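In what follows, a single structure is set out as structure tokens and then discussed.
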2 protein chains.
Amino acid sequence: MSPATRRKPRKSYHHGNLRRALLDEALATIRDRGVEGLTLREIGARLGVSRTALYRHFADKSALLTAVATEGFRLLREDLVSSWERGKGPAEQQAMGVAYIRFALRNPSHYRVMFSHFVDPALQHPELATEAAAAFQALVDSIVELQRQQFLRPDDPVLMARHVWAVVHGVAMLAIDGQVCEPGAVEQLTGYALERLRTGIARTAPEA
Amino acid sequence: MSPATRRKPRKSYHHGNLRRALLDEALATIRDRGVEGLTLREIGARLGVSRTALYRHFADKSALLTAVATEGFRLLREDLVSSWERGKGPAEQQAMGVAYIRFALRNPSHYRVMFSHFVDPALQHPELATEAAAAFQALVDSIVELQRQQFLRPDDPVLMARHVWAVVHGVAMLAIDGQVCEPGAVEQLTGYALERLRTGIARTAPEA
DNA sequence: ACCTGAACACCGTTCAAGT
DNA sequence: ACCTGAACACCGTTCAAGT
């Protein structure tokens with residue numbers, strides 16, 4: 001064995017995208033062991049880099065989590081906009097609700113960090129605040145459009161958007177926290193909650 | 001100064017209810033600095049007690065947080081039942097919704113620990129699972145009664161309860177996370193969300 | 001019974017030093 | 001530029017010892 005073939009077969013430096021590798025390793029660790037089980041030292045060890053290599057890409061642990069949350073809001077917004085822009089009608093808004101809850105279930109690590117207040121209070125980081133606001137704005141936009149189409153009550157769209165957000169956020173949290181554990185129960189709750197939500201904010205009763 | 005008058009004027013042992021004092025100090029620290037800012041050493045120091053005194057009352061840090069969560073579910077259930085039993089009608093169910101959100105706002109430390117997954121996954125502690133189930137059951141009971149009174153749709157009461165829970169939980173989380181920060185916005189969202197929720201699950205349209 | 005201080009293994013972070 | 005190893009202050013937890 002030459003000295004080059006060690007436990008970690010690696011060139012002297014970590015090549016290319018260490019930042020992305022750190023984010024991915026953090027996401028995997030959060031998925032497996034939760035946010036409080038995340039340690040910077042173990043991330044470095046798993047990637048075969050020094051404990052301090054991370055500080056070349058993130059100011060500290062909080063900055064790493066902030067980056068996770070920021071990326072999460074961007075991915076969520078992309079999912080929501082993608083669903084909405086297929087037709088910009090009532091069916092697409094229902095699809096947005098499904099997409100929101102599916103995002104949380106498929107990206108629980110992102111979702112937990114986004115909403116579990118592990119980042120600095122009051123969204124101090126401007127990037128994070130911008131992405132979070134953009135995701136919320138996608139919801140407001142769809143509500144304004146459906147109000148224009150006379151499908152929704154003419155209430156304050158921001159207030160209505162907060163209500164819609166509360167519903168899908170509540171379902172998502174119950175789902176990823178395992179509070180709804182029977183097989184199919186998440187899908188059942190998603191469908192029921194979105195249908196009751198629609199009835200609650202619709203301009204006219206569906207039978208009218 | 002005699003040796004008895006030290007920095008911490010205290011009898012040799014902590015008298016009486018150290019367990020309660022530890023819980024209260026933990027709640028205050030969580031309120032001021034968040035769950036991740038909670039350290040057992042500082043709690044002991046603040047109470048003028050050794051770092052290890054806590055282990056006479058709690059197995060470990062997780063057990064302390066589990067106790068906080070368990071107490072939170074008990075207090076929440078008491079608030080909900082108290083609101084409901086004033087009349088067991090539609091107005092009292094609305095009051096339960098208000099009480100739920102007010103509980104979260106008045107006891108944010110309890111609420112965060114209850115729902116932020118700082119306790120063992122899958123609610124391993126039977127006491128915690130029992131209290132959480134009891135709080136949920138109070139909601140199911142009120143739904144069954146209002147269905148019997150023909151005020152609510154005759155859907156599966158557990159499914160409807162999960163939906164109602166998702167709505168109030170979503171509003172509560174947005175509120176205590178400071179996502180709704182303008183003065184009066186929380187009360188506005190609470191009133192709006194509960195009214196839209198009622199419309200969504202009511203048996204008949206209110207105008208009929 | 002309840003509490004204490006020393007000790008152990010661990011963590012985030014800093015820094016002078018390497019390539 | 002990017003990475004490294006040693007060092008520092010901190011934390012949860014254990015344990016033999018005190019009253």
Side-chain angles (χ1 to χ4, degrees), chain A residues 2-4 6-23 25-26 29-30 32-69 113 117-120 124-125, chain B residues 2-4 6-23 25-26 29-30 32-69 113 117-120 124-125:
Chain A
S2 77
R6 297 283 185 78
R7 188 96 176 82
K8 307 274 182 187
R10 182 172 302 291
K11 312 294 190 301
S12 54
Y13 285 174
H14 190 280
H15 55 284
N17 210 337
L18 178 56
R19 182 188 152 90
R20 176 31 62 188
L22 289 164
L23 281 170
E25 199 64 44
T29 305
I30 293 168
D32 295 343
R33 289 205 272 288
V35 184
E36 52 284 20
L38 180 76
T39 74
L40 302 188
R41 291 164 109 101
E42 185 181 338
I43 290 178
R46 287 225 225 176
L47 291 174
V49 298
S50 155
R51 295 186 275 297
T52 60
L54 181 140
Y55 291 88
R56 289 297 117 197
H57 300 276
F58 300 99
D60 52 21
K61 188 176 186 177
S62 169
L64 173 66
L65 291 175
T66 298
V68 168
V113 177
H117 240 235
F118 287 103
V119 298
D120 295 1
Q124 293 203 356
H125 299 260
Chain B
S2 76
R6 296 285 185 74
R7 188 94 177 84
K8 306 276 181 186
R10 184 172 300 290
K11 311 294 189 304
S12 54
Y13 284 175
H14 190 279
H15 55 285
N17 210 336
L18 178 57
R19 182 189 152 90
R20 176 32 62 186
L22 289 164
L23 282 170
E25 199 63 44
T29 304
I30 293 168
D32 295 342
R33 290 206 270 287
V35 185
E36 53 283 22
L38 180 76
T39 75
L40 302 188
R41 292 165 109 101
E42 186 182 338
I43 290 177
R46 288 225 224 177
L47 290 174
V49 149
S50 157
R51 296 185 276 296
T52 60
L54 181 140
Y55 291 88
R56 289 297 118 196
H57 300 275
F58 300 98
D60 52 20
K61 188 176 186 177
S62 170
L64 173 65
L65 291 175
T66 299
V68 169
V113 177
H117 241 233
F118 286 103
V119 298
D120 296 0
Q124 293 203 355
H125 299 260

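Remember, it's a predicted structure, so these values are computed and weren't measured experimentally. Proteins come first, then strands; the chains are lettered A, B, ... in the order of their sequence lines, and each starts at number 1.
To the nearest 0.5 Å, atom CG of residue A/Leu54 and atom CG of residue A/Leu47 are 9.5 Å apart.
The distance from atom CG of B/Leu65 to atom P of D/dT13 is 10 Å, rounded to the nearest whole Å. B/Leu54 has its CG atom 12 Å from the P atom of D/dT14, to the nearest Å. The nearest whole Å value for the distance from the CZ atom in B/Arg56 to the C1' atom in D/dT19 is 14 Å. Between A/Leu18 atom CG and D/dT4 atom P there is a gap of 9 Å when expressed in whole angstrom units. Summarising the geometry, the separation between CZ on B/Phe58 and P on D/dG12 is reported as 14 Å, rounded to the nearest angstrom. Following rounding to the nearest Å, A/Asp60 (CG) and C/dC15 (C1') show an atom-to-atom distance of 17 Å. Rounded to an integer number of Å, the gap from CG of B/Leu47 to C1' of C/dC2 is 15 Å.
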Exercise. Determine, stepwise, if the pair B/Glu36 / A/Val35 fulfils side-chain contact (heavy atoms from CB on, under 4.5 Å).
Key: CA-CA 10 Å; B/Glu36 53 283 22; A/Val35 184; over 6 Å; no
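For A/Tyr55 and C/dT14, the shortest distance from a side-chain N or O to OP1 or OP2 is not below 4.0 Å. Phosphate contact (OP1/OP2 of C/dC3, side-chain N/O of B/His57, threshold under 4.0 Å): present.
Remark: A/Arg19 engages no residue in a salt bridge (Lys or Arg N to Asp or Glu O under 4.0 Å) (not counting sequence neighbours).
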So which protein N/O to nucleotides 7-11 of chain C N/O distances come out below 3.5 Å?
none

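For the residue pair A/Phe58 and A/Ala67, the shortest heavy atom distance occurs at CE2-CB, 3.7 Å. Between B/Tyr55 and B/Asp60, the shortest heavy-atom contact is CE2-CA, 4.1 Å. A/Lys61 approaches A/Leu38 most closely through the heavy-atom pair NZ-O, 2.8 Å.
The shortest distance between side-chain heavy atoms of A/Leu40 and A/Leu64 falls below 4.5 Å. Using a 4.5 Å heavy-atom threshold, the side chains of B/Leu18 and B/Arg56 count as separate. Considering only heavy atoms from C-beta on, A/Leu23 comes within 4.5 Å of A/Arg20 through its side chain.
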Quiz item: Pairs counted as Watson-Crick or G-U wobble with both distances under 3.5 Å: what dot-bracket string results for DNA chain C, using | for bases tied to another strand?
Solution: ||.|||||...|||||.||
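Each of C/dT4, D/dG5, C/dC3 was ranked by its minimum atom distance to the side chain of A/Thr52; first place goes to D/dG5.
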